[in-house]
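One structure below.
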Amino acid sequence: MATCPPHPSYPSGPPDGAPLAGLSAAGPLRHAHWWQRAWVRYGALSTLLVISGLVILALVREETGTEGFLVGLGLAVLPVPLLIAAFRWLDRVEPGPWRNLLFAFAWGACAAALIAIVANSFATQWIATATADPTRADTLGATVIAPVVEESAKAAAVLLVFLFRRRDFTGIVDGVVIAGVTATGFAFTENILYLGIAFGTDQLAGHSGIASVTAATFFVRIVMSPFAHPLFTVLTGIGFGISALSADRQHIRRIAFPLSGLLLAMGMHAMWNGSSAFGEYGFFAVYAAFMVPIFGLLTWLVIWTRQRELRTVRAELPPYAVAGWLTPAEPYALGSMRARRIARQYARRHAGKTAARAVAQYEAYATSLAFLRHRGRRGRAGADFVVRERELLEELWRRREAARPALDHAARITAPPVPVVAPPWPVYGVYGYGHPTTTYSAPTTPYPAYNPYRS
């Protein structure tokens, strides 16, 4: 395991001694078994999600009816773009691939929702049969069974990305984003069910307008608490994120934090579902006393983590600039979200969308390189550190012609002013050659700051 990454030399062409395609340093690669091939795994996973989606669609439509399903779908989709945009914004420092987000949303909306509906119904019916008390069974199902089943089903998506997309799962922000998008998909399906049932109830009772059950359900689930499910599952994601930051030898830490996050998510979910048992205003009390403060705390934690990631980029990339892989201004520009945005806009304005896309990819690869080096210095990098470092550097090298002018421009625009202190000794004459008896003291205001990026 590499604990301190080397400073690579300036490349003049393809790396010498690079293995040919299909060969490794140890010799020819063995052919993978058919179940280890990527297309087999993608096909099996896609088939599972499609079947789950069709089954959950049939179950929800059976509960709500066609009209109720369409009404629930139209109302439930409203918060989804806002939540996805919020999680994507949090992931701007090192954006994960869209395929991970699509998988997480599909798992939450299809597989996790199907598991929850089937398991919750079975458990509630079993408790009602065993105790002959349907009311108690419903209460236990909502406060005990549902939190355990639903949070476990949603956590499965985070676990799968953590295990099979390890390169894309490097810290707390990645865990928060995957968990939040999974929970957003789950809440989307659940909201269709609840809003569709509420609409059907209003149709039977003849209610409409603000006094209807549909309006009340929409207010509680869409307006007041669209972040409820994401907030629960984000606790699990934080646990996996801390595990990702741990070294491979810290086995207890790597297992304990995800389990602790999952247990916290279950507990918070149970408290939320059981808030109605605290009296008439129990829901609002739990909402004000727990949900809003915890939401604010987690938001602060994620934003603070993002700022720390930017500091890591600025601290880890200068050695690559010294070695010639980056220009001296790039570490600063890549450690500023404003400079990154200006660079993409500059590339789009002067060279088109293709160049802007290349700059965005350059920024993402450079961030991954900084995080890789940070993990290597702390002894947390894997055995493939050198190979991964070389891959990232080569990706940067291919895009340097489009990215370097844009990042240099962004650095000039966003560089902080350099203070220039006036000399404390007296200056003779306006230009230093005046009459020796006439002295001019240093000006009270400093000279205009010289900015190397604005020259």
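FYI, side chains are in, hydrogens and waters are out, and symmetry mates aren't considered; it's all heavy atoms of this structure.
- The number of heavy-atom neighbours closer than 6.0 Å to CZ of R92, taken from other residues, nucleotides and ligands shown, is 12 or below.
- At distances below 3.5 Å, not a single donor-acceptor pair connects side-chain atoms of W107 with backbone N or O atoms of A156.
- Atom CE in M268 sits 3.5 Å away from atom CD1 in I294 (nearest 0.5 Å).
- In this structure, R254 contributes its side chain and I242 its backbone to no donor-acceptor pair below 3.5 Å.
- You'll find the side chain of D168 reaches within 4.5 Å of the side chain of R99, heavy atoms only.
- Applying ring pair (Phe, Tyr, Trp, His ring centres under 6.0 Å) to W397 and the options Y362, Y320, W325 leaves one that passes, W325.
- With contacts defined as side-chain heavy-atom distances shorter than 4.5 Å, the pair R388/R167 qualifies.
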Note to self: The test is side-chain contact (heavy atoms from CB on, under 4.5 Å); show your working for L235 and E151 and say whether it passes.
What the structure shows: CA-CA 10 Å; L235 296 173; E151 294 307 321; over 6 Å; no
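- A pairwise comparison of heavy atoms in S152 and V148 identifies OG-O, 2.7 Å as the closest pair.
- Of the possible polar contacts, none joining the R344 side chain to the A356 backbone as a donor-acceptor pair under 3.5 Å is found.
- Counting heavy-atom neighbours within 6.0 Å of L163 CG, excluding the residue itself, gives a total above 12.
- Residues L49 and A111 share a closest heavy-atom pair of CD2-CB, 4.2 Å.
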Next item on the list: Apply side-chain contact (heavy atoms from CB on, under 4.5 Å) to L392 and E395, showing your working.
Entry: CA-CA 5 Å; L392 293 171; E395 294 292 347; 5.5 Å; no
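- Side-chain contact annotation: K154 with T233, donor-acceptor N/O pair under 3.5 Å present.
- A distance of 11.0 Å separates OG of S46 from CD1 of I51, quoted to the nearest 0.5 Å.
- Between T66 and R61, the side chains place a donor N or O and an acceptor N or O closer than 3.5 Å (distance only, hydrogens not considered).
- Ring pair H269/H229: centre-to-centre distance below 6.0 Å.
- Residues V181 and L83 are not in side-chain contact: their nearest non-hydrogen atoms beyond the backbone lie 4.5 Å or more apart.
- Of the possible polar contacts, none joining the T64 side chain to the G196 backbone as a donor-acceptor pair under 3.5 Å is found.
- Looking at S225, its side chain never comes within 3.5 Å of a backbone N or O of A228 through a donor-acceptor pair.
- Y42 contributes atom OH, which lies 9.0 Å from atom CG of L45 (distance to the nearest 0.5 angstrom).
- The 12-atom threshold is exceeded at CG of L297, counting heavy atoms of other residues, nucleotides or ligands nearer than 6.0 Å.
- Minimum interatomic distance between A113 and T189 (heavy atoms only, all atoms of both residues): CB-CG2, 3.7 Å.
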Next item on the list: Take N191 and L75, measure what side-chain contact (heavy atoms from CB on, under 4.5 Å) needs, and give me the verdict at the end.
Entry: CA-CA 8 Å; N191 286 337; L75 297 176; over 6 Å; no
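- A distance of 8.5 Å separates CG of L140 from OG1 of T124, quoted to the nearest 0.5 Å.
- A cation-pi arrangement is not found for R399 relative to Y365, the charged atom failing to lie both closer than 6.0 Å to the ring centre and inside a 45° cone about the ring normal.
- Scanning all heavy atoms of the two residues, the minimum distance from F162 to S243 falls at CZ-OG, 3.7 Å.
- In this structure, I178 and F103 have side chains that are not in contact, with every pair of non-hydrogen atoms separated by 4.5 Å or more.
- With 3.5 Å as the limit, one finds a donor-acceptor pair spanning the side chains of T214 and D202.
- Heavy atoms from other residues, nucleotides or ligands lying under 6.0 Å from OH of Y194 number 12 at most.
- No side-chain heavy atom of W300 sits less than 4.5 Å from a side-chain heavy atom of I303.
- With values rounded to the nearest 0.5 angstrom, F240 atom CZ is found 7.5 Å from L259 atom CG.
- Contact between L262 and A155 at its shortest, heavy atoms only, is CD1-CB, 4.0 Å.
- A distance of 3.5 Å separates CD of E150 from CZ of F186, quoted to the nearest 0.5 Å.
- Residues I238 and L301 form a side-chain contact, since some pair of their non-hydrogen atoms from C-beta on lies under 4.5 Å apart.
- Under the 30°/60° scheme for interplanar angles, the aromatic rings of W272 and Y287 are found to be tilted.
- Counting only heavy atoms from C-beta outward, the side chains of L193 and F69 never approach each other to under 4.5 Å.
- Applying the side chain to side chain contact (heavy atoms under 4.5 Å, CB included) test between L326 and each of L393, L407, L317 identifies L317 as the sole match.
- R373 and S368 form no side-chain donor-acceptor contact under 3.5 Å, judged by distance and modelled atom types alone.
- Between V71 and L195, every side-chain heavy-atom pair lies at or beyond the 4.5 Å cut-off.
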Margin query: Working note: I84 + F105, criterion side-chain contact (heavy atoms from CB on, under 4.5 Å); need CA distance, chi angles, decisive distance, verdict.
Written below: CA-CA 9 Å; I84 297 295; F105 186 86; 4.3 Å; yes
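- Minimum heavy-atom separation, A146 to N273: CB-ND2, 4.2 Å.
- Ionic pairing of E309 and R306 is not present here: no N-O contact between side-chain nitrogen and carboxylate oxygen is shorter than 4.0 angstrom.
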